[in-house]
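Presented below is the structure to which this report refers.
Quick note: residue numbers are just sequence positions, from 1.
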Amino acid sequence: MNFLILSLENVGYVLVVPEPQKGAADGLGQSRTQPEERERSRAPLLSIFRVSTNNLIYCQATLGCLPWGVMFAFMTDYLAQDVSLGVVKATTVATSFSVGYAVGVLLNSIVGQKLQNWKPRVDDW
């Protein structure tokens, strides 16, 4: 749940803090300080949420900001100490998560390649 709060905090930051005008720090441009210009600069930013692919990427990135290595270390400790599984059983649970991840990546890549070969939608680059 903490990773979701952190990701929302970053989105909020982007919506509240205006993007500086290019060259403003060098004295080559004028900085945007007036509220109406700040509101106009947010409109293109909010328009990126209209694209469903962007929303999918944001959802994936929200889960991706979780430090998985730390989660496995604390999950093993939690299972060993608080749930009283013992170190060996807690490590077995964490290892099964890792093996499941590896098998899932492998199977999904095979299925994805078969789907791409069956019905390609993008020309070769």
Linking I/L/V/M/F/W/Y whenever their side-chain heavy atoms sit closer than 4.5 Å, directly or via other members, would Tyr101 and Leu106 fall into one cluster?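 No: no chain of side-chain contacts under 4.5 Å links Tyr101 to Leu106.
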Gap between atom [atom2] of [Y] and atom [atom1] of [X] - 0.5 Å precision:
X      : Y      : atom1 : atom2 : value
Gln116 : Ser109 : CD    : OG    : 13.0 Å
Thr92  : Phe97  : OG1   : CZ    : 12.5 Å
Ile110 : Leu115 : CD1   : CG    : 12.0 Å

Determine whether more than 12 heavy atoms belonging to other residues, nucleotides or ligands lie under 6.0 Å from atom CZ of Phe74. no
Name each donor-acceptor pair under 3.5 Å that joins a side chain in residues 78-90 to protein atoms two or more places apart or in another chain, with its distance.
none

Nearest atoms (heavy-atom pairs only) where Phe72 meets Ser98: CZ-OG, 4.3 Å
